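To keep things clear, I will list the structure first and then write my remarks on it.
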Amino acid sequence: MIAILIGAGLLWGSTVPLTKVAVSTGYPHFGMLFWQHVFMIVFLCVYQAVRGRFVKYEWRHAPIITAVALFGTVLPGTVTYISYAYLPAGVMAVVIAMVPIFAMPMAIVLGVEKLVPRRVIGVVIGLFAVVLLIGPQEALPPAVKAGFVLFALIAPFCWASEDNAIARLGLGGLGANQVLMGASLLGLVLVTPVMLMTDQYINLVKPWTYVEWAFLGAVLFHMVAYTTFIWFIPVAGPIMASQAAYLVTGFGIVFSILFLGEGYSPYFWIAVAILAFSLYLVSPRQGEAHVLSDA
């Protein structure tokens, strides 16, 4: 289980610098989100065709597919593509680590996880890490406004909502890739008219540069990691699964330093250390397993 979580975190962390490169040309966010869904649909179709596991979706699958589409791709995808244009990749990696901080209170309210005082303390400490990140002027590069960090936090809030929806609803008898396939189809239906109305279509029928290849790599790595993540939630619970965000942050920061040459202030590293401690407190211990394995 731990090895699977680490592998998903590694793949997802690699998407942080790749996505930063992809947005560097000023590609519009709805156009990128449109092609993200197209690429995922194509590759998932091929994967399911090879395995011979196409599925006929039923109305009972609508709640989980809608939850994954809205809170897993469309809403957080829009927010992250916009945020990457203004925030350093390493800061976005830290923002992703907020998923468990949001997931824990939701899980308790929904009855998916039990109330543990240690976890509540962890949430409070995690919020302090965010304040430290956006508070001191030296914490962020001069051109970065703290408001973009707050805006970017909408994404982990959406992912936390998705985590708990999956834990509460279950997968309805579908495989993780089948859920993601259905969510991608619904997401494409939702994004396409918005993209056309805002004139944000991106023409990718042209010679590709490293930017387009970086975008494709980010989508594919995201798809594999995300499918693993969806499968993992009913097995281990939303809080344990959301620990992947911690790994994404670590790998994302390292890759951003190595491949993008990003540097950060002491406040940034203090915030990362505090957030790491808060995630340690929020993480479930033995005997604190989630209440629902599949609903």
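Numbers here are sequence positions counted from 1. Note that the structure is a prediction, hence the values are computed from the model and not measured.
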TODO: Using atom types as modelled and distance alone, determine if a side-chain donor or acceptor of Glu212 lies under 3.5 Å from a backbone N or O of Thr209.
DONE: yes

TODO: Write down the atom of Ser256, the atom of Ala89, and the distance for their closest heavy-atom approach.
DONE: OG-CB, 3.2 Å

TODO: Could you tell me the separation between the OH atom of Tyr81 and the CG atom of Leu33, rounded to the nearest 0.5 Å?
DONE: 6.5 Å

TODO: Grab the two heavy atoms, one from Ile202 and one from Gly31, that are nearest each other, plus how far apart they are.
DONE: CD1-C, 3.5 Å

- [ ] Flag yes if more than 12 heavy atoms outside Tyr201 fall under 6.0 Å of its OH atom; otherwise flag no.
- [x] yes

Task: Pairwise distance OH(Tyr84) to CZ(Phe148) - rounded to 0.5 angstrom - done: 15.5 Å

Task: Trp159 side chain to Pro76 backbone, donor-acceptor under 3.5 Å - done: no

- [ ] Identify the heavy atoms of Ile96 and Pro156 that sit nearest to each other, and give their distance.
- [x] O-CB, 4.5 Å

TODO: Output the distance between atom CD (Gln200) and atom CZ (Phe30), rounded to the nearest 0.5 Å.
DONE: 6.0 Å

- [ ] Please report the closest heavy-atom contact between Phe34 and Val191, naming both atoms and the distance.
- [x] N-CG1, 3.9 Å

- [ ] Would you give the length of the straight line joining atom OG1 of Thr15 to atom CZ of Phe215, rounded to the nearest 0.5 angstrom?
- [x] 11.5 Å

- [ ] Applying side-chain contact (heavy atoms from CB on, under 4.5 Å), run through Ser14 and Phe251 and close with a yes or a no.
- [x] CA-CA 7 Å; Ser14 67; Phe251 288 124; over 6 Å; no

Open item on the list: Can a side-chain donor-acceptor contact be found between Tyr57 and Gln178 if the only test is distance below 3.5 angstrom?
Closed with: no

Task: Closest non-hydrogen atom pair between Gly13 and Pro17, with its separation - done: O-CD, 3.4 Å

TODO: Taking Thr80 for its side chain and Gly77 for its backbone only, find out whether a donor-acceptor pair lies under 3.5 Å.
DONE: yes

Task: Rounded distance [0.5 Å steps], CG in Leu153 versus CE in Met98 - done: 6.0 Å

Task: Side chain proximity check, Leu220 to Val224, heavy atoms < 4.5 angstrom - done: no

TODO: Measure across Glu262 and Ile257 and return the closest heavy-atom pair with its distance rounded to 0.1 Å.
DONE: O-CG1, 3.7 Å

